[in-house]
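Take a look at the structure set out below.
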Amino acid sequence: MKPSIPQGTRDFGPEVVKKRNYIFRTIQAVFELYGFAPLETPALENLDTLMGKYGDEGDKLIFKILNNGLNDPKNIQKAQLAFANVTEGKNDKNLTERALRYDLTIPFARYVAMNIGQLTLPFKRFQMQPVWRADRPQKGRYREFYQCDADIVGSKSLLNEVELVNIYSTVFQQLGIDVSIRINSRKILTALAEVCGGLEKLTDITVAIDKLDKIGIQKVKEELLSKNLSESQIAIIEQYLQISGNNQTQLACLTQLLGNSEIGQKGIEEINFILNFHQNNSALTVDFTLARGLNYYTGVIFEVKANDVQMGSIGGGGRYDDLTGLFGVPNIPGVGISFGVDRIYDVMEERALFPTTISIGTEVLFFNLGDAECKTAYHLMQLLRNKGISCEIYHENTKFDKQFKYAEKKSIPYVVMIGSKEIAEGTCIIKHLPTSTQVTLPQAEMTNYAFQ
RNA sequence: GAGGGUAUAGCUCAGUAGGUUAGAGCGACAGUUUGUGGCACUGUAGGUCGUGGGUUCGAGACCCAUUACUCUCCCCA
């Protein structure tokens with residue numbers, strides 16, 4: 001049998017894991033710096049928990065897990081009936097009642113709803129775990145990928161949004177990725193829908209205008225036309241989409257267009273509040289075409305894209321006013337952001353942004369030059385390890401050539417050579433491979449040598 | 001869910017209008033070199049050309065099917 005892994009999943013080799021961990025470490029350190037506490041939830045959730053939370057398209061992409069014991073005689077009939085239901089597009093508990101986590105936000109909401117009595121609000125948590133989507137894989141899109149989320153629940157304050165923007169800026173600055181953080185408010189989009197065709201058109205409108213930079217104004221208009229919007233309504237949307245200029249100019253134009261709408265005004269105020277805190281943040285730009293697919297957002301929404309790289313968004317998030325209401329605990333507002341680690345990795349790889357230092361593993365290789373020599377070397381090596389220096393000893397007594405090549409291949413900068421001559425003298429040779437220089441030291445002084 | 005592309009050695013790929021024993025570079029291994037690697041030279045190993053069928057005197061190449069991978073659209077991190 002030819003070994004393989006499922007489509008859209010990946011193995012991560014040692015070098016890749018080191019680089020990924022660098023990203024995780026960076027993000028986690030910033031999360032902690034801003035006062036977020038860690039949380040982990042199961043890979044599996046009850047299907048009920050997830051269904052209906054991500055929109056119709058989202059529901060289709062949830063990986064469902066087949067129940068066990070379907071072949072048990074007492075289950076067979078139920079299973080067959082259930083299967084018929086499923087082929088009609090419905091879910092049936094007799095066939096599947098668990099699913100793989102689709103994102104980290106809904107499981108978090110579920111956790112908050114279950115533990116609301118124990119939590120001190122506002123509750124700030126971060127979570128870095130894989131999620132699964134039954135999507136067709138392509139560039140920058142995987143079926144298993146990691147998200148790093150930070151959310152705050154139990155606070156309506158826009159200060160939270162301000163903080164989240166700061167987290168985005170800090171992380172991407174530390175990683176060296178040049179990004180633009182786009183910001184909009186669902187309230188503004190709602191106001192637009194109120195003016196053009198009513199709230200039931202909100203999704204159609206947002207989906208269409210979200211594609212503007214991809215398909216152009218003409219195609220967007222065609223799509224809106226096909227969704228039964230009138231010419232005059234489309235004209236307003238076109239005006240809306242043509243808003244341009246710097247952040248202040250755009251807001252001024254928008255106020256003219258939607259300022260009469262109460263909810264529109266609120267949206268504009270929100271954006272203004274955040275911009276005021278970030279006057280010197282050139283990465284932050286308002287973008288009224290930003291919509292975001294997940295339909296639980298109700299307020300400010302974010303999306304982060306790497307500049308000058310052909311890649312979908314590498315982060316996103318927004319405010320949701322009543323996510324826990326879905327689980328029976330109403331009136332807990334929340335806001336959060338997410339980092340797409342896998343795409344961030346791809347961007348950093350493409351841009352060669354990983355520091356070279358993160359790939360260093362073993363620092364010192366001890367040569368194996370015979371039984372007695374090996375024993376001496378081994379004890380010296382343990383002394384070095386006790387000082388926190390990572391060491392290896394070559395696994396067998398073979399010629400220098402091989403041992404050098406091993407060190408070179410693993411990018412081990414130092415080798416320590418102890419042969420019969422050194423044993424007799426009580427010395428050792430430390431050689432630095434990159435510079436091809438070496439020193440001979442008494443063995444007792446080796447642990448004081450400045451390996452670096 | 002819809003539509004493209006690719007599949008030849010461990011890796012990256014050649015392979016010309018179908019014609020004899022399927023090639024290169026890199027890598028691996030061995031030697032030149034039994035206490036000093038990277039360089040160089042020499043040599044060795046490694047492929048039922050994704051799988052199954054068909055056309056043909058003859059198929060890596062052409063046709064059909066199938067599988068895997070990859071990209072685009074929808075949607076999304």
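The pairing partner recorded for B/A40 is B/U32, the criterion being a Watson-Crick or G-U wobble arrangement whose two distances lie under 3.5 angstrom. As the counterpart of B/A9, no nucleotide is assigned, since no Watson-Crick or G-U wobble pattern has both distances under 3.5 Å. When Watson-Crick and G-U wobble pairs are counted only if both distances are under 3.5 Å, B/C62 pairs with B/G54. Shown here, B/U70 forms a base pair with B/G4; the pair counts as Watson-Crick or G-U wobble because both key distances fall under 3.5 Å. Using the Watson-Crick or G-U wobble rule with both distances under 3.5 Å, B/U48 pairs with nothing in any strand shown. B/A14 is unpaired under the Watson-Crick or G-U wobble criterion, no partner having all donor-acceptor distances under 3.5 Å.
Of the candidate nucleotides B/A77, B/U36, B/G35, B/A77 has the atom nearest to the side chain of A/Gln147. Minimum atom distance to the side chain of A/Gln7 is reached by B/C69, of the listed B/U36, B/C69, B/C76. With B/G38, B/U36, B/G1 as the choices, the nucleotide that has an atom nearest any side-chain atom of A/Gln438 turns out to be B/U36. Of the candidates B/C76, B/C69, B/C73, the closest approach to any side-chain atom of A/Arg141 belongs to B/C76. The nucleotide whose nearest atom lies closest to any side-chain atom of A/Gln138 is, among B/G37, B/C71, B/A77, B/C71. The side chain of A/Glu57 sits closest to B/C75 out of B/G37, B/G35, B/C75. Each of B/A77, B/G37, B/U36 was ranked by its minimum atom distance to the side chain of A/Met417; first place goes to B/U36. Picking from B/C74, B/A77, B/G37 the nucleotide with the shortest atom distance to the side chain of A/Lys431 gives B/G37.
The gap from the C1' atom of B/C74 to that of B/G15 amounts to 39 Å, rounded to the nearest Å. Straight-line distance between the P atoms of B/G18 and B/G60: roughly 13 Å, to the nearest whole Å. Across the C1' atoms, B/C11 and B/G46 are found 13 Å apart, a figure rounded to whole Å.
Each of A/Phe339 and A/Lys139 was matched to the nucleotide of RNA chain B holding its nearest heavy atom; the match closer to the 5' end belongs to A/Lys139. Comparing A/Lys421 and A/Gly8 by the nucleotide of RNA chain B whose heavy atom lies nearest to each, the residue mapping closer to the 5' end is A/Lys421.
Taking the six-membered ring where tryptophan is involved, the planes of A/Tyr449 and A/Tyr414 are perpendicular, since the angle between them exceeds 60° and thus also 30°. The aromatic rings of A/Tyr320 and A/Tyr297 sit tilted relative to each other, their planes meeting at an angle between 30° and 60°. Relative ring orientation between A/Phe404 and A/Phe400 is described as tilted, the plane-to-plane angle lying within the 30° to 60° band.
Rounded to whole Å, atom C1' of B/A77 lies 9 Å from atom CD1 of A/Ile344. Put simply, CG on A/Asp204 is 14 Å from C1' on B/C74, counting in whole angstrom units. One can place CD1 of A/Ile418 at 15 Å from C1' of B/U36, the figure rounded to the nearest angstrom.
Salt-bridge formation is not detected for the pair A/Arg143/A/Asp135: no Lys NZ or Arg NE/NH1/NH2 atom is positioned less than 4.0 Å from an Asp or Glu carboxylate oxygen. Salt bridge absent: A/Glu270 and A/Arg319 never bring a charged side-chain N and a carboxylate O closer than 4.0 Å. No salt bridge links A/Arg133 with A/Glu144; every basic N to acidic carboxylate O contact stays at or beyond 4.0 Å.
One donor-acceptor pair, N or O on each side, does fall under 3.5 Å between the base of B/G35 and the side chain of A/Glu422.
Between A/Asp59 and A/Gly52, the shortest heavy-atom distance links the atoms OD1-N, 3.0 Å.
The aromatic ring centroids of A/Tyr146 and A/Phe12 lie 6.0 Å or more from each other.
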What string of B, S and - do you get for nucleotides 27-34 of chain B, 5' to 3', if B is base contact, S is sugar-phosphate-only contact and - is no contact with any protein heavy atom under 4.0 Å?
-S-SS---

Name every donor-acceptor pair, under 3.5 Å, that has one atom in a side chain of residues 416-434 of chain A and the other anywhere in the protein, sequence neighbours excluded.
unit_1: A/Glu422; atom_1: OE1; unit_2: A/Gly419; atom_2: N; d: 2.9
unit_1: A/Glu425; atom_1: OE1; unit_2: A/Thr427; atom_2: OG1; d: 3.4
unit_1: A/His432; atom_1: ND1; unit_2: A/Thr435; atom_2: OG1; d: 2.7

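The phosphate of B/C75 (OP1 or OP2) has a side-chain N or O of A/Lys211 nearer than 4.0 angstrom.
Put simply, A/Phe145 rests on the base of B/A77: the two rings are less than 5.5 Å apart at their centres and nearly parallel, under 30°.
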